[in-house]
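Heads up, the thing below is written out as structure tokens.
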Protein chains: 2
Amino acid sequence: MMNTYASSDAIACLRQAGIPVTHQRIEIARALFSAPVHLSADQIWAKVLEASPDVSRATVYNTLRLFSEKKMIRELFVDPQRVVYDSTTAPHYHLYNIDSGEVRDISDDELRVIGQPRLPAGVVLDAIDVIVRVRNRAV
Amino acid sequence: MMNTYASSDAIACLRQAGIPVTHQRIEIARALFSAPVHLSADQIWAKVLEASPDVSRATVYNTLRLFSEKKMIRELFVDPQRVVYDSTTAPHYHLYNIDSGEVRDISDDELRVIGQPRLPAGVVLDAIDVIVRVRNRAV
DNA sequence: GTAAGTGCAAATGGTTTGCAGATTC
DNA sequence: GAATCTGCAAACCATTTGCACTTAC
């Protein structure tokens, strides 16, 4: 199988992040980084199972949390009870379709955030999330 | 008790939104609109119980959903498993402290979103959510 | 060889739902 | 008086956790 993102790439990526390498983590990394994606944990699990049927759901959830902590991926809270993982970590914004659940990136020339908020003392900036919510036109 | 937001105000507000008036809804409206607040459903429930000890949690959850649908309040998805209700519906953005859970409004002169995303065909804009995430400075 | 990761299944916890009884207009 | 809302407790469901086993180096 000709994959743009090979196991060796995934291994290098994990090593660089200081994460011990395992089969499962390699498969999860490949599911995420073969192409830019916006997927829920269960969608990623399904994708991983295609390549490697012996990965448990719990491992996928735990690994996604680990990757998020290591800033390899980004968590998007588009809905309560629905976390979407974004394999692109460069700053950018999102368009979310409430009806279909679809997430799309917004390019920098479409929307820009200017200014910076006054931060209360003792806190540091973590991220700026912009989510443009749309719905299907009413029938 | 001298409340800035009396029951009569709440009743008027509910009528205007086309929502049948009940004791419970009046109390929930007062908890929300006596002052601008950012509260979770359970925090609102606790506040309502102080004034009226016979309101169930389910009613608070259902009513908050109803108010959101009627655009009387706004739901903020600051965290999975945590919806915060904002009693201010005018467009504005938010600062969220990941560690403390605190939500604060960001005024228009601090941060501004410019441009408008190209919307896919068949969809309409619902809302633009901007959440600036901060954390307490590491010790 | 040892520390760490994994799988399973059970626990978690905020939110919702079904239904009988109470309220509103 | 009819339709609706509320309370209770059980159901939900994505996510997490505990623990015995397996794996990586």
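Within every chain, numbering begins at 1; the chains are lettered A, B, ... in the order of the sequence lines, protein sequences first and strands thereafter.
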Would a distance-only check, ignoring hydrogens and angles, find a side-chain to backbone donor-acceptor pair under 3.5 Å from B:Asn136 to B:Asp99? no

Residue pairs involving residues 81-105 of chain B (criterion ring pair (Phe, Tyr, Trp, His ring centres under 6.0 Å); sequence neighbours excluded): B:His38-B:His94, B:His92-B:His94

Working note: A:Leu119 + B:Leu95, criterion side-chain contact (heavy atoms from CB on, under 4.5 Å); need CA distance, chi angles, decisive distance, verdict. CA-CA 9 Å; A:Leu119 300 185; B:Leu95 190 81; 3.9 Å; yes

Near DNA chain D, which residues from residues 52-71 of chain A have a heavy atom under 4.0 Å away? A:Arg57, A:Ala58, A:Tyr61, A:Asn62, A:Arg65

Rounded off to whole Å, could you give me the CG-to-C1' distance for the A:Asp42 and D:dC13 pair? 10 Å

Consider only side-chain heavy atoms of I, L, V, M, F, W and Y, link residues closer than 4.5 Å, and tell whether B:Leu39 and B:Leu66 are in one cluster. yes

Just how far, in rounded Å, is P of D:dT15 from CZ of A:Phe77? 10 Å

With a 4.5 Å limit on heavy-atom distance, are the side chains of A:Arg118 and B:Asp109 in contact? yes

Test side chain to side chain contact (heavy atoms under 4.5 Å, CB included) applied to B:His23 - qualifying residues, sequence neighbours left out: none

Verify side-chain contact (heavy atoms from CB on, under 4.5 Å) between B:Val78 and B:Val103, making sure each step is shown before the conclusion. CA-CA 9 Å; B:Val78 293; B:Val103 177; 4.3 Å; yes

B:Arg135: partners by side chain to side chain donor-acceptor pair (under 3.5 Å), with sequence neighbours left out: A:Asp126

Which residues within residues 11-24 of chain A lie with some heavy atom under 4.0 Å of an atom in DNA chain C? A:Pro20, A:Thr22, A:Gln24

Please determine if B:Arg57 and B:Asp42 form a salt bridge, counting it only when a charged side-chain N lies under 4.0 Å from a carboxylate O. yes

Would you say the side-chain atoms of A:Ser52 pair up with the backbone N or O of A:Val48, donor to acceptor, closer than 3.5 Å? no

Distance under 4.0 Å to a non-hydrogen atom of chain B counts as contact; along DNA chain C, which nucleotides mark the start and end? C:dG14 to C:dC25

